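Nothing here was measured: the structure is a model prediction, and the numbers come from that model.
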Amino acid sequence: MAGSRMQLELSRVVQGRSRLGVLKGLDRTGQHSLEIPGCLLYTHFGTVPHLTQDTLHTLISLPSVTQITLSHIAEHQEVLEEFKDGFRKFAGLHDTVLYCSLHDPATHSPTGYTTNKTVSVWGSGGRIELTVAKFMALQKTVQPDWYQSMCDGETWQNSASRKRVRKSVDRTLAHLDECLLVHQKSKELEGVEVFGVVEGGDILEERVRSARETAKRPVAGFCLDGLQTSSMDQTLRTQLITAMIKELPEDKPRLLHGVGRPDEVLACVEAGVDLFESFFPFLATERGCALSFGFDISTDPERAGRAPPAVLELNEEKATAGESQQNGDLNRHDQTQMTPFEMNLKEKRYQDDFRPLVEGCGCYCCKNHQRAYLHHLLVTNELLAGVLLMIHNTAHYHGFFGALREALATDKLDVLKKRVLGGLQRERKE
């Protein structure tokens, strides 16, 4: 395999781990780049849920990389093969880089269906079993700019034994070697980059072994898998990421699967992660919630004499609603449940609240509509509710990543953490 076209240029490393820079050479034209830390654009079959392409592109500062998943695409393989011109043209996508991953990060995949030779993805029609040959045939049909290699990622549950975790690492390395062999011989995949997958469950030694062995292969970057929000607390996740990164080269990007909460993103960036999936705004939208956490680092909120808006919202929400989903272990989170970073607009108290979702937000929803209107749309099951919420949540989340890069560049990471985590810290005290 020829040398990687993808180049990571670091402008700053903060406290030895948090990395600020630009990832260049993302596609075969070499015209696209992506700032890190950053996130990919989450889609269902190439489309951001609830949004048309025209609506999506009213948003500014969208990522240059669109994430698509085989769980959505695999059942349409025959149609794509007949079409012949690749998924980008099939889906009407323009001026974007395609990254193809295995599973939808917003959807739970049933476990217990992997073998030594196959993994399974779950589409709308049920389970689809993939061998390396079928997996690579799909990549040739999709024609992405980069893709995640096939892997056995079913060891994120706490019940996975050491033997099962070891087998997962062995299988994933074997799949990677087979994928690379096919890739090197494929004209259709010439110029396409491969990301190796690091597994190992919650066992430190296996994480280190997986990272060390994957780093020996000719891959363009690394996917850190099996660390998703529901699988472990952040302390353990940080420990495992720190150990893995010590085995990975400095000049290649690190993409973390399955983590999207703002507090966890901050902790993982501090541990050395570069890229994330942006499924969190979609999950909030599906709950009928608007992201409302603060991330403005232009002023210190305490010096300004007022608490961050997200903290005010959270305190009001707890006092009024007494949300039961916030009980239990605050260090391990069920990603289907509402988080302290959002407001539930279905609640009755919003029916006469005529403020925008977030004061000062420049998105179309906040400039043109009020919380009361969104409440009405949600309780009457209007489709427009999902559209407006997804516009706001997408803009808010990507704005957070912009603030994160600014904070790293200006030594204000502590200020950003205070803004973002303020509501969460208050909740833990109560």
Side-chain angles (χ1 to χ4, degrees), residues 1-8 22-34 36 38 40-41 43 45-46 63-74 76-77 79-81 83-103 119 121 130-151 172-198 214-225 248-249 251-255 257 274-275 277:
M1 181 181 286
S4 174
R5 175 193 65 246
M6 194 178 291
Q7 299 293 327
L8 176 59
V22 180
L23 190 58
K24 297 184 175 181
L26 301 183
D27 64 343
R28 280 168 265 202
T29 68
Q31 296 177 346
H32 290 89
S33 62
L34 182 65
I36 65 160
L40 315 178
L41 187 65
T43 71
F45 207 64
S64 58
V65 181
T66 296
Q67 180 181 11
I68 55 177
T69 62
L70 289 188
S71 56
H72 293 139
I73 293 173
H76 305 288
Q77 182 175 1
V79 175
L80 288 168
E81 286 175 346
F83 181 70
K84 296 180 181 178
D85 290 328
F87 184 82
R88 182 185 284 100
K89 190 171 182 180
F90 181 78
L93 302 178
H94 306 284
D95 196 34
T96 189
V97 177
L98 280 189
Y99 165 65
C100 186
S101 62
L102 197 59
H103 300 291
V119 300
V121 294
L130 301 179
T131 61
V132 168
K134 184 172 176 64
F135 175 88
M136 293 304 294
L138 275 162
Q139 300 301 343
K140 293 176 186 178
T141 301
V142 172
Q143 298 175 25
D145 294 294
W146 25 299
Y147 65 91
Q148 165 198 349
S149 65
M150 198 168 101
C151 62
T172 298
L173 290 169
H175 293 333
L176 174 57
D177 289 338
E178 289 185 67
C179 288
L180 290 172
L181 191 60
V182 175
H183 186 107
Q184 291 163 0
K185 297 177 180 178
S186 170
K187 291 184 179 179
E188 296 94 331
L189 295 174
E190 188 174 341
V192 175
E193 304 283 15
V194 183
F195 272 45
V197 182
V198 180
T214 305
K216 295 177 182 178
R217 274 70 171 177
V219 296
F222 304 93
C223 299
L224 311 183
D225 193 35
L248 302 178
D251 61 346
K252 293 183 179 180
R254 307 140 182 178
L255 166 62
H257 282 171
D274 301 318
L275 297 170
E277 301 165 307

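Of the possible donor and acceptor atoms, none in the side chain of Arg217 sits under 3.5 Å from a partner among the backbone N and O of Asp177.
Nearest heavy-atom pair, Ala74 versus Val121, reported as atom, atom and distance to 0.1 Å: CB-CG2, 4.1 Å. In terms of heavy atoms, Pro249 sits closest to Arg254 at O-NH2, 3.9 Å. Nearest heavy-atom pair across Pro218 and Gln184 is CG-NE2, 4.4 Å. What you find for Val219 and Thr214 is that their closest heavy atoms are CG2-O, 4.1 Å. Closest heavy-atom contact between Phe222 and Ala215: CE2-CA, 3.7 Å.
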Pair Cys223, Val198 - check side-chain contact (heavy atoms from CB on, under 4.5 Å), show working. CA-CA 6 Å; Cys223 299; Val198 180; over 6 Å; no
For the pair Met136 and Ser186, evaluate side-chain contact (heavy atoms from CB on, under 4.5 Å) and give the outcome as yes or no after the intermediate values. CA-CA 9 Å; Met136 293 304 294; Ser186 170; over 6 Å; no
Show, in sequence, the C-alpha distance, side-chain angles and deciding distance for Leu26 and Val65, and conclude whether the side-chain contact (heavy atoms from CB on, under 4.5 Å) test is met. CA-CA 8 Å; Leu26 301 183; Val65 181; 3.7 Å; yes
Is there a side-chain contact (heavy atoms from CB on, under 4.5 Å) between Ile73 and Thr69 once you walk through the steps? CA-CA 6 Å; Ile73 293 173; Thr69 62; over 6 Å; no
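Between Val194 and Leu189 the shortest side-chain heavy-atom distance does not fall below 4.5 Å. Using a 4.5 Å heavy-atom threshold, the side chains of Met6 and Leu23 count as touching. Side-chain contact check for Leu176 versus Val197: every heavy-atom pair is 4.5 Å or farther apart. Inter-residue side-chain proximity for Leu40 and Ile68 is flagged as unmet; no heavy-atom pair is nearer than 4.5 Å. Within the 4.5 Å cutoff, no side-chain heavy atoms of Thr172 are placed close to those of Met150. At least one side-chain heavy atom of Leu138 sits less than 4.5 Å from a side-chain heavy atom of Leu70. In this structure, Cys151 and His175 have side chains that are not in contact, with every pair of non-hydrogen atoms separated by 4.5 Å or more. You'll find the side chain of Thr66 stays beyond 4.5 Å of the side chain of Val97, heavy atoms only.
Counted within 6.0 Å of CD on Glu190, heavy atoms from surrounding residues, nucleotides or ligands total 12 or fewer; the atom is thus considered open. The environment of Lys24 atom NZ is sparse: at most 12 non-hydrogen atoms of other residues, nucleotides or ligands sit within 6.0 angstrom.
Rounding to the nearest 0.5 Å places NE2 of His183 at 15.5 Å from CD of Glu178. Note: Cys100 SG to Phe135 CZ = 6.5 Å, rounded to the nearest 0.5 Å. Atom CG of Leu102 sits about 7.5 Å away from atom OG of Ser71, to the nearest 0.5 Å. Remark: Leu98 CG to Asp27 CG distance equals 9.5 Å, nearest 0.5 Å. With rounding to the nearest 0.5 angstrom, the NZ atom of Lys252 is 10.0 Å from the CD atom of Gln7. Atom CG of Leu8 is separated from atom OG of Ser33 by 11.5 Å, given to the nearest 0.5 angstrom.
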Which atom pairs, donor and acceptor, lie under 3.5 Å between side-chain atoms of residues 84-92 and protein residues at least two apart or in another chain?
residue: Arg88; atom: NE; partner: Thr96; partner atom: O; Å: 3.3
residue: Arg88; atom: NH2; partner: Thr96; partner atom: O; Å: 3.4
residue: Arg88; atom: NH2; partner: Asp145; partner atom: OD2; Å: 2.3

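Among Gln67, His257, Gln148, Glu277, the single residue meeting the side chain to side chain donor-acceptor pair (under 3.5 Å) criterion with Ser101 is Gln67.
Taking Lys185 as the reference, Leu181 meet the side chain to side chain contact (heavy atoms under 4.5 Å, CB included) condition, with sequence neighbours excluded. For His72, the ring-ring contact (aromatic ring centres under 6.0 Å, His included) partners at least two apart in sequence or on another chain are His44.
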